[in-house]
Protein chains: 2
Amino acid sequence: MSMTQASVLTAPTAADLEPIEQTPLRVQIADRLRRAIITAKLRPGTVLVETALAEQMNVSRAPVREAIAILENDGLVETLAYKGKRVKPLTVREVEETWSLRQTFEVMAIRRILERRADVASLWIPCRAMRDAAALGDREGLILADEQFHRMLIALSDHHLLLQSWNALYLRINQIMALRNRRDSDDLAEIAGNHPPIVEALQLGDTRTAVRLISDHTRALRDFDPASIVEWLG
Amino acid sequence: MSMTQASVLTAPTAADLEPIEQTPLRVQIADRLRRAIITAKLRPGTVLVETALAEQMNVSRAPVREAIAILENDGLVETLAYKGKRVKPLTVREVEETWSLRQTFEVMAIRRILERRADVASLWIPCRAMRDAAALGDREGLILADEQFHRMLIALSDHHLLLQSWNALYLRINQIMALRNRRDSDDLAEIAGNHPPIVEALQLGDTRTAVRLISDHTRALRDFDPASIVEWLG
DNA sequence: AGGAAGTCGATTGTCGACAATATATAAAAT
DNA sequence: ATTTTATATATTGTCGACAATCGACTTCCT
């Protein structure tokens, strides 16, 4: 084997040959289904039939089955033996609980960040993104930057398990947000403006203020009419 | 069909015919494996081979596979594509994080219980059980009653999602406790004695004291030498 | 007509076999 | 001797088929 060929392998020049994605089918399928669920393309209560999905995606039932199992772990799907599988219905109670748990998680993160005096300057990045998105009326972009802000906040607390739990919870938050009736009355600028004070309080080491702000923040977001979400109570 | 036969069906007399258990194989297998893991019969790092397990339990690979997927959801097992599956190794960090998250959960439960003025009298039951077990030197019984106490505490907060998260977390706590070196130096009576003050504080509506006690409690339990747990770091 | 038993269709549960992949080992070439 | 290539083996990934179960509908008997 000559050196030139070796160099090609280690440093492709012209046509950059990216590694082809080699994720298991079950993961690809799970990702697709998850995406469909948290964007409300598959609404709560929708029954999932393995054979139908398998045929639709042109694969066998096995990976579909495993994908559904993954979503079950995510808490997005439930299985009733010999009965069927369906997107887990949402109750008002679950929405409430999701938000209160989220609040607990974020308060925990805040406390840890302050205890360890972590550098939170990176939080300004999503803050700026939110401000810009709000200025452009880009609702989608604002939502994304908001998620990035909060995920970053959790990550800064340097607690793997917390981040993991938060991620799982945030799946449902995404779902709920996609489900709830769009209210253009939402003031994007106000949402964006809520975040910088949190970063400031963190940089000042003001635990009390930071906790209060994050609590108010999640509480405010919770007060979307839950009734609009629960039209499919089977 | 005569009436006598019908009556037999509705009201079995002598040989009480209980409903036969009809849980899917995957669940039975998952339960067994989970039990083996949280009792440290299967130690962290142990590789799980589907074919071997299937043969050993005299079933096909499919339900074994699904059972392992369930345990993966529980966070007890990890899968590396085309590499293998193994009981998730434990790091000191994970042990620390498990306990800190537990503390957060229990503090949240305490706060909710006090906010809603829930009746916590039922907590005296496991308290008594712990006292009795301690008196008899029954370490096993004390551990069980302790778990019952804490699960009951979470349940009293009336928060499904929290209870669910706590249950998942407690799996790992069981595993860790089974793994750590038994120290007979533990004062059973002291452990049992730690709990009644919590109930008293709750009944008095003393939030500050209750939170402090539960925090001390979980903190104390965390201080088992983590080094003894991490002898299998692959 | 009413109720029990049987039948049918749909869906999940389980199985055995084959394909794809990764690791380790051995062989071969320079 | 070292690196490359080939091979072997173990394990997971995927597939198609069959069995078990459920629900609704039909049929039959009284």
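Order of the sequence lines fixes the chain letters, A, B, ..., with proteins taken first and strands second; residue numbering starts at 1 for each chain.
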Worksheet item: For the pair made of CE in A:Met57 and C1' in D:dT14, what is the distance, rounded to whole Å?
Response: 16 Å
Worksheet item: More 5' along DNA chain C: B:Asn58 or B:Tyr82, using each one's nearest nucleotide?
Response: B:Asn58
Worksheet item: Of the nucleotides C:dG13, C:dA20, D:dT14, which has the atom closest to the B:Arg26 side chain?
Response: C:dG13
Worksheet item: Do any side-chain nitrogens or oxygens of B:Lys83 fall under 4.0 Å of OP1 or OP2 in C:dA20?
Response: no
Practice prompt. Check the distance between D:dC22's C1' and A:Leu80's CG and give it to me in whole angstrom.
Written response: 12 Å
Fill in: Heavy atoms of other groups near A:Arg111 CZ, more than 12 under 6.0 Å
no
Fill in: Touch class at under 4.0 angstrom, heavy-atom based, for A:Ile68 against every strand present
nothing
Discussion item. How many whole angstroms separate atom CG of A:Leu25 from atom P of D:dG16?
Written reply: 12 Å
Worksheet item: Would you find more than 12 non-hydrogen atoms of other residues, nucleotides or ligands less than 6.0 Å from A:Glu55 atom CD?
Response: no
Worksheet entry | Nucleotide nearest A:Val59 when distance is taken to its side chain, options D:dC15, C:dG13, D:dT12 | D:dC15
Worksheet item: Is A:Ile29 touching bases, backbone alone, or none of the nucleic acid, heavy atoms closer than 4.0 Å?
Response: nothing
Discussion item. I want to verify a distance call: between D:dT12, C:dG13, C:dC15, whose nearest atom is closest to the B:Lys85 side chain?
Written reply: D:dT12
Worksheet, complete the sentence: Sorted by position of nearest nucleotide on DNA chain D, 5' first, the leading residue of A:Ala81 and A:Pro24 is A:Pro24
Discussion item. Working to the nearest 0.5 angstrom, can you tell me the gap between A:Ile37 CD1 and A:Asn174 CG?
Written reply: 12.0 Å
Worksheet item: Without hydrogens or angle criteria, can the side chains of B:His150 and B:Glu106 be said to hold a donor-acceptor pair below 3.5 Å?
Response: yes
Worksheet item: Which nucleotide, C:dC15, C:dT21, D:dC22, lies nearest any side-chain atom of B:Ser60?
Response: C:dC15
Worksheet item: Should A:Arg61 be listed as having a side-chain N or O under 4.0 Å from OP1 or OP2 of D:dC15?
Response: no
